[in-house]
Amino acid sequence: MSGAATGAGGLSTHVLDTARGRPAQGVRIELFGLEGEGRRALAEAVTNADGRTDTPLIARGELRAGTYELSFHVAPYFRDFGAAADPPFLDVVTLRFTVADPAGHYHVPLVVTPWSYSTYRGS
């Protein structure tokens, strides 16, 4: 990410709980930027009632080309309503992805159950 030009794009996410068929409220999310062998904390948020963060994780105009990690702390979320095994099968789901075009918007959602997850690049 260092040395990359700042673009017009941004980064957002949301979490959908497909086990219960609803947005996942109260999931802690951490965003890291990867630089060489290092990892730098960039943002932290908790999902709201819509399963989204209240603000983008990276605002428009601040996104840079590079590799990122989103860490979704799903075990406490599923534990709160008794759906997680003890110990949980999924604890922290980490998604590593690359931003090639910082002018574009990157929306990286997590679709999750206590036993599986998927993601995609949304708009």
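These numbers come from a predicted model, not from an experiment. For reference, positions follow the sequence shown, starting with 1. The analysis underlying the following values was restricted to heavy atoms, covering all of them including side chains, and did not include hydrogens, waters or symmetry mates.
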Does a side-chain heavy-atom distance below 4.5 Å link [X] with [Y]?
{"X": "F89", "Y": "P114", "result": "no"}
{"X": "P109", "Y": "H107", "result": "yes"}
{"X": "F97", "Y": "L70", "result": "yes"}
{"X": "Y68", "Y": "V99", "result": "yes"}
{"X": "L90", "Y": "Y117", "result": "yes"}
{"X": "P88", "Y": "F78", "result": "no"}

Report the distance from atom [atom1] of [X] to atom [atom2] of [Y], rounding to the nearest 0.5 Å.
{"X": "R64", "Y": "L11", "atom1": "CZ", "atom2": "CG", "result": "14.5 Å"}
{"X": "L16", "Y": "L110", "atom1": "CG", "atom2": "CG", "result": "8.5 Å"}
{"X": "R20", "Y": "Y77", "atom1": "CZ", "atom2": "OH", "result": "4.5 Å"}
{"X": "F32", "Y": "E44", "atom1": "CZ", "atom2": "CD", "result": "8.0 Å"}
{"X": "R40", "Y": "L31", "atom1": "CZ", "atom2": "CG", "result": "9.5 Å"}

Under a 3.5 Å threshold, yes or no: a donor from one side chain and an acceptor from the other, between [X] and [Y]?
{"X": "D101", "Y": "Y106", "value": "no"}
{"X": "T18", "Y": "T113", "value": "no"}
{"X": "S123", "Y": "H105", "value": "no"}

Problem - Presence of salt bridge, E30 and R28, under 4.0 angstrom - result: yes
Problem - Cluster check I29, V112: I/L/V/M/F/W/Y, side chain < 4.5 angstrom - result: yes
Problem - Joint cluster assignment, V46 & V74, ILVMFWY side-chain distance < 4.5 Å - result: no
Problem - Criterion side chain to side chain contact (heavy atoms under 4.5 Å, CB included) on V108 and T119, from CA distance to verdict - result: CA-CA 7 Å; V108 184; T119 192; 3.7 Å; yes
Per-pair distances, 0.1 Å, donor-acceptor, side chain in residues 50-59, under 3.5 Å, sequence neighbours excluded:
unit_1: T53; atom_1: OG1; unit_2: T55; atom_2: O; d: 2.6
unit_1: D54; atom_1: OD1; unit_2: N48; atom_2: ND2; d: 2.9

Problem - F72 and its side chain to side chain contact (heavy atoms under 4.5 Å, CB included) partner, picked from V92, T94, L95 - result: L95
Exercise for the section: Dump the intermediate steps for side chain to side chain contact (heavy atoms under 4.5 Å, CB included) on V111 and Y120, then the final yes or no. Expected result: CA-CA 9 Å; V111 180; Y120 56 94; 4.2 Å; yes
Exercise for the section: Specify the closest pair of heavy atoms between A65 and P102, including all atoms of both residues, with the distance to one decimal. Expected result: N-CB, 3.8 Å
